[in-house]
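What follows is a single structure, written as structure tokens, with notes after it.
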There are 2 protein chains.
Amino acid sequence: MPLDEKSPIPLYHQLTKELRENMENGDWLPHSLIPSETELCEKYGVSRGTVRQALSQLVQEGLLYRKQGRETFVAEPKITQQLNKFYSFAQDMREKGLKPSSKVLQNEEILPDSYIKNVLGLKEKEMVYKIMRLRLADEEPLILEASYLVEELFPDLDREDVEKVPLYDIIIKKYRIRITRKVE
Amino acid sequence: MPLDEKSPIPLYHQLTKELRENMENGDWLPHSLIPSETELCEKYGVSRGTVRQALSQLVQEGLLYRKQGRETFVAEPKITQQLNKFYSFAQDMREKGLKPSSKVLQNEEILPDSYIKNVLGLKEKEMVYKIMRLRLADEEPLILEASYLVEELFPDLDREDVEKVPLYDIIIKKYRIRITRKVE
DNA sequence: GAGTGGTCTAGACCACTGA
DNA sequence: CAGTGGTCTAGACCACTCT
């Protein structure tokens with residue numbers, strides 16, 4: 001299906017749609033390679049910038065993933081998209097005029113019981129952060145969540161941070177630090 | 001703070017960091033205009049492509065928003081960001097070649113203890129779904145999450161569903177049903 | 001070494017908004 | 001109208017991976 005240059009729809013949009021369909025139809029299976037950027041340029045007669053714009057969109061949606069020096073792969077549909085779906089869950093609510101919110105109820109450093117210890121693969125006497133949050137839609141409680149974070153990976157989790165900032169902000173922050181360390 | 005061309009950190013990353021700090025420091029207030037792309041090009045001595053790459057990142061994180069034919073504004077730091085941040089957390093991992101994943105460890109219908117009952121505003125003897133999930137990055141456990149879902153709001157939560165499909169898919173599904181009822 | 005994706009440049013034309 | 005962001009091109013060099 002060639003792209004339509006005269007269409008008011010941008011080329012990269014047309015291209016994402018095209019590529020998305022390849023995956024939905026099952027033509028491209030999870031973990032299989034897709035054509036290289038250069039090949040896609042030739043096939044659709046567009047510049048590499050446009051191809052990259054289209055691919056970035058799909059990577060962002062979690063449908064594709066790339067590897068340095070290797071190629072671009074089709075992502076596994078379940079895990080990856082779960083996170084994007086969560087995004088659209090709250091998105092959905094907002095579109096319907098409901099207000100998603102969350103409250104931090106507890107935020108403590110605790111010695112985990114043996115079940116948690118085993119699951120998280122902790123050493124003896126290793127502590128975890130326990131954070132309890134209530135998720136609401138329009139002030140109505142939907143879900144209560146207890147999160148246990150491996151302390152080692154979130155070294156200086158500030159109690160005030162959790163109150164003020166959403167949990168995942170902190171995780172990102174810590175996470176970035178962790179990666180940096182790994183690279184150094 | 002000029003950008004460092006010799007640094008191994010890409011220019012657009014340096015630029016996003018720079019701009020992010022402007023907002024965190026309060027130099028750029030919500031709903032105020034930021035310099036135009038052309039001005040940023042001149043100020044930092046980079047091409048427009050690089051500036052746009054940096055700005056796109058921040059728009060994606062929900063820190064900025066753009067208007068056609070107008071300019072780029074600083075966003076209000078509200079709920080929206082929390083979700084975008086969460087989104088970019090997994091995004092980040094994927095970009096760095098790490099694989100975010102999750103495993104369902106438990107999925108049961110239980111009679112909640114009094115704490116959970118109070119928090120969720122449940123009636124006497126009302127049941128909840130308890131779902132325990134482990135979040136990993138590259139097979140390394142990061143977080144253990146226990147979720148307690150109000151049964152009434154997720155009426156026919158299928159045990160197999162949870163195994164196969166990500167939790168939030170189900171929530172969305174149920175949630176849509178509920179909203180439909182409300183609207184009707 | 002050849003091929004890949006990651007970054008970056010310097011141009012270009014367009015649709016849109018505001019004065 | 002001049003200025004903005006939205007799209008697109010055709011080059012370029014790099015770090016990385018595989019063979």
Side-chain angles (χ1 to χ4, degrees), chain A residues 2-19 28 31-60 62-75 179 182-184, chain B residues 2-19 28 31-60 62-75 88 91-99:
Chain A
L3 305 182
D4 181 5
E5 297 214 30
K6 279 167 269 173
S7 163
I9 299 167
L11 291 174
Y12 75 91
H13 268 320
Q14 297 180 43
L15 189 51
T16 56
K17 194 183 167 219
E18 184 77 13
L19 302 179
W28 288 358
H31 302 297
S32 64
L33 288 171
I34 70 165
S36 73
E37 297 179 352
T38 321
E39 285 171 318
L40 290 172
C41 290
E42 287 165 5
K43 177 164 183 188
Y44 293 101
V46 292
S47 75
R48 198 173 150 221
T50 306
V51 166
R52 279 187 67 79
Q53 209 169 347
L55 292 180
S56 299
Q57 174 77 36
L58 295 169
V59 168
Q60 211 177 286
L63 295 170
L64 298 176
Y65 63 95
R66 300 193 258 216
K67 293 214 171 185
Q68 262 281 28
R70 302 273 317 266
E71 295 172 56
T72 304
F73 301 83
V74 179
I179 298 299
K182 225 177 187 175
V183 169
E184 278 168 4
Chain B
L3 306 181
D4 180 5
E5 297 215 28
K6 280 167 267 173
S7 162
I9 300 167
L11 292 174
Y12 75 90
H13 269 320
Q14 296 181 44
L15 190 50
T16 56
K17 194 184 167 223
E18 183 77 13
L19 301 179
W28 288 357
H31 303 296
S32 64
L33 288 170
I34 71 165
S36 74
E37 296 179 352
T38 320
E39 284 170 319
L40 290 172
C41 291
E42 287 166 5
K43 177 164 183 187
Y44 292 102
V46 292
S47 75
R48 201 175 147 217
T50 306
V51 166
R52 279 187 67 79
Q53 209 169 348
L55 292 180
S56 299
Q57 174 77 36
L58 295 170
V59 168
Q60 209 178 291
L63 295 171
L64 297 176
Y65 63 95
R66 298 193 260 216
K67 293 214 170 182
Q68 261 281 28
R70 302 271 320 264
E71 295 172 56
T72 305
F73 300 84
V74 179
S88 53
Q91 195 59 37
D92 249 37
M93 294 207 282
R94 259 181 265 117
E95 276 168 12
K96 307 210 191 253
L98 298 180
K99 253 182 37 192

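Fair warning: this is a prediction, and the values are worked out from it, not measured in the lab. Only heavy atoms go into these numbers, but all of them, side chains included; no hydrogens, no water, no symmetry mates. Here is how names work: the chains are called A, B, and so on, in the same order as the sequence lines, proteins then strands, and each is numbered from 1.
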- prompt: So what's the dot-bracket for DNA chain C: Watson-Crick or G-U pairs under 3.5 Å, [ ] if a pair crosses, | if it pairs off-strand?
  reply: ||||||||||||||||.|.
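Per the geometry, OH belonging to B/Tyr44 stands 15 Å off P belonging to C/dC8, to the nearest Å. Taking atom CD on A/Glu37 and atom P on D/dA10, their separation rounds to 16 Å, with Å as the unit. Taking atom CG on A/Leu55 and atom P on C/dT4, their separation rounds to 13 Å, with Å as the unit. Rounded to whole angstrom, the span from the CG atom of A/Leu33 across to the P atom of C/dG3 amounts to 16 Å. Residue A/Gln57 contributes atom CD, which lies 10 Å from atom P of D/dT7 at whole-angstrom precision. Atom-to-atom, CG of B/Leu64 to P of D/dG6 comes out at 11 Å; the value is rounded to the nearest Å. For the pair B/Gln53 CD and D/dC8 P, the interatomic distance rounds to 16 Å; values are reported in whole Å. One atom, CG of A/Leu40, and another, P of C/dG3, lie 17 Å apart when rounded to the nearest Å.
Distances shorter than 4.0 Å separate none of the side-chain N or O atoms of B/Ser36 from OP1 or OP2 on D/dG3. Considering only side-chain N and O atoms, A/Arg66 lies nowhere under 4.0 angstrom from the phosphate OP1 or OP2 of C/dT4. Between A/Thr72 and C/dG5 there is a side-chain N or O to OP1 or OP2 distance below 4.0 Å. Checking the phosphate oxygens (OP1, OP2) of D/dT9, a side-chain nitrogen or oxygen of A/Thr50 falls inside 4.0 Å. OP1 or OP2 of D/dT7 lies within a sub-4.0 Å distance of a side-chain N or O belonging to A/Tyr12.
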query: When you look at A/Val74 and A/His31, which way does the side-chain contact (heavy atoms from CB on, under 4.5 Å) test go after all the steps?
result: CA-CA 5 Å; A/Val74 179; A/His31 302 297; over 6 Å; no
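Between B/Thr38 and A/Ile9, the residue anchored closer to the 5' end of DNA chain D is B/Thr38, taking for each the nucleotide with the nearest heavy atom.
Between the side chain of A/Gln14 and the backbone N or O of A/Asp4 there is at least one donor-acceptor pair closer than 3.5 Å. For B/Ser56 (side chain) and B/Arg52 (main-chain N/O), a donor-acceptor pair under 3.5 Å exists by modelled atom type. A donor-acceptor contact shorter than 3.5 Å links the side chain of B/Glu39 to the backbone of B/Ser36.
Inter-residue side-chain proximity for B/Trp28 and B/Pro35 is flagged as met; some heavy-atom pair is nearer than 4.5 Å. Between A/Leu15 and A/Leu19 there is a side-chain heavy-atom pair separated by less than 4.5 Å. Taking 4.5 Å as the limit, some side-chain heavy atom of A/Leu40 sits within range of a side-chain heavy atom of A/Leu55.
Nucleic acid contact for B/Leu11: sugar-phosphate only, since backbone atoms but no base atoms lie under 4.0 Å from a heavy atom of the residue.
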task: Encode nucleotides 12-19 of chain D as B, S and - characters from 5' to 3', where the letter depends on protein heavy atoms closer than 4.0 Å: B to the base, S only to sugar-phosphate, - to neither.
output: B---BSS-
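Salt-bridge annotation for A/Arg66 and A/Glu37: present, with a side-chain N of the basic residue lying under 4.0 Å from a carboxylate O of the acidic one.
Contacts of A/Glu71 classified as side chain to side chain contact (heavy atoms under 4.5 Å, CB included), with partners at least two apart in sequence or in another chain: A/Leu33.
Interatomic distance, A/Thr50 OG1 to A/His13 NE2, rounded to the nearest 0.5 Å: 12.0 Å.
The side chain of B/Ser47 lies closest to C/dA10, out of D/dT4, C/dG5, C/dA10.
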